[in-house]
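Scroll down for the structure; my scribbles are underneath it.
Here the structure is a predicted model, which is why all the values come from computation and not from measurement.
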Amino acid sequence: QVQPVESGGGSVQAGGSLRLSCEFPDNVYSHRCVGWYRLPPGKEREGVAFMYTAGAEIYYADPVKGRFTISQDNVNNALVLQMNRLKNEDTAMYYCMAEEDRSTCMEARDTLGLPSTQIRFRYWGQGTQVTVSS
């Protein structure tokens, strides 16, 4: 059983940056897909960034395109979310996920950015809080 651990959250002024890291006890590349989801206060869960590990195919939700970058930290065996030019709307609990099922990964890709997704992923982190003040 894999339990990734998120870190790097905190409070930041609008326009600032944060780097989230999701450390895996196993090889990140062993999972078919990985990604980041967030749960804003009083709102529903939404996927923000997603990638297939094999071909490095990357997808972003519209609100974060051009500002967020998902990548893999090979040194620390971690999934990274670099967040730049943060906005107040980015305030949320951020979770990383990993999945091996092809169909589940496809569904995650196709529903990225949509609220109230009911997709159940194989692996979830416990979350790290990001708070952006204006």
May I have the step-by-step check of side-chain contact (heavy atoms from CB on, under 4.5 Å) for I70 and Y60, ending in yes or no? CA-CA 9 Å; I70 186 173; Y60 296 99; 3.6 Å; yes
State, to 0.1 Å, how close T111 and E107 come at their nearest heavy-atom pair, and which atoms those are. OG1-O, 2.8 Å
To the nearest 0.5 Å, how far apart are SG in C33 and CZ in R109? 10.0 Å
Hey, does F121 have a side-chain heavy atom less than 4.5 Å from the side chain of T104? yes
Honestly curious: do V34 and M106 fall in one hydrophobic cluster under the side-chain, below-4.5 Å linking rule? no
Quick one: do M83 and L20 satisfy side-chain contact (heavy atoms from CB on, under 4.5 Å)? Show the steps, please. CA-CA 8 Å; M83 306 185 296; L20 306 184; 3.7 Å; yes
Between the side chain of E100 and the main-chain N/O of R32, is any donor-acceptor distance below 3.5 Å? no
Look at atom CD of E57 and say whether more than 12 heavy atoms of other residues, nucleotides or ligands are closer to it than 6.0 Å. yes
Show your working on side-chain contact (heavy atoms from CB on, under 4.5 Å) between V130 and T91 and close with a plain yes or no. CA-CA 5 Å; V130 171; T91 294; 5.9 Å; no
What is the distance from atom CE of M97 to atom CZ of R120, rounded to the nearest 0.5 Å? 12.5 Å
What's the shortest heavy-atom distance between P40 and E44, and which atoms? CD-O, 3.6 Å
Shared ILVMFWY cluster between V48 and V132, side chains joined below 4.5 angstrom? yes
Side chain of Y123, backbone of F24: donor and acceptor closer than 3.5 Å? no
Non-hydrogen atoms of P4 and C96 that approach each other most closely: CB-SG, 3.6 Å
Could you walk me through whether D90 and R67 satisfy the side-chain contact (heavy atoms from CB on, under 4.5 Å) test, starting with their C-alpha distance in whole Å, then the side-chain angles of each, then the deciding distance to 0.1 Å, before giving a yes or no? CA-CA 11 Å; D90 296 319; R67 299 188 299 116; 2.7 Å; yes
Measure from the side-chain N and O atoms of D62 to the backbone N and O of G113, and report whether any donor-acceptor pair falls under 3.5 Å. no
List the atom of E6, the atom of Y94, and the distance in Å for their closest heavy-atom pair. OE2-O, 4.0 Å
Smallest separation among heavy atoms of A92 and R38, with atom names: CB-CB, 3.8 Å
Would you find a donor on one side and an acceptor on the other, under 3.5 Å apart, between the side chain of T128 and the backbone of G9? yes
Looking at the rings of W36 and F68, which for Trp means the six-membered one, are their centres under 6.0 Å apart? no
Step-by-step side chain to side chain donor-acceptor pair (under 3.5 Å) determination, N84 to S17: CA-CA 4 Å; N84 298 323; S17 300; 2.9 Å; yes
dist D26:CG -> Q3:CD (nearest 0.5 Å) comes out at 12.0 Å
Could you check whether any side-chain N or O of Q72 sits under 3.5 Å from a backbone N or O of A78, counting only pairs where one atom can act as donor and the other as acceptor? no
Could you tell me whether the side chain of T53 and the main chain of H31 form a donor-acceptor pair under 3.5 Å? yes
May I ask you to establish whether R45 and Y37 are in a cation-pi arrangement, using a distance under 6.0 Å from NZ or CZ to the six-membered ring centre and at most 45° from the ring axis? yes
If hydrophobic clusters are built by linking Ile, Leu, Val, Met, Phe, Trp and Tyr wherever their side-chain heavy atoms come under 4.5 Å apart, do V5 and Y95 end up in the same one? no
So do N27 and N77 actually touch side chain to side chain, heavy atoms under 4.5 Å? yes
Ignoring hydrogens, what is the shortest heavy-atom contact between A49 and L81? Give both atom names and the distance. CB-CD1, 4.0 Å
Is the backbone of D101 close enough, under 3.5 Å, to the side chain of E99 for a donor and an acceptor to pair up by distance? yes
From C105 atom SG to M51 atom CE, the distance as rounded to the nearest 0.5 Å: 11.5 Å
Tell me whether L18 shares a hydrophobic cluster with V64, the cluster being built from Ile, Leu, Val, Met, Phe, Trp, Tyr side chains joined at under 4.5 Å. yes
Parallel, tilted or perpendicular, judged at 30° and 60°: which one describes the rings of Y52 and Y59? perpendicular
Judged by modelled atom types alone, do Q13 and S133 share a side-chain donor-acceptor pair under 3.5 Å? yes
Please answer whether the main-chain N or O of D73 pairs with a side-chain N or O of N76 as donor and acceptor at a distance below 3.5 Å. no
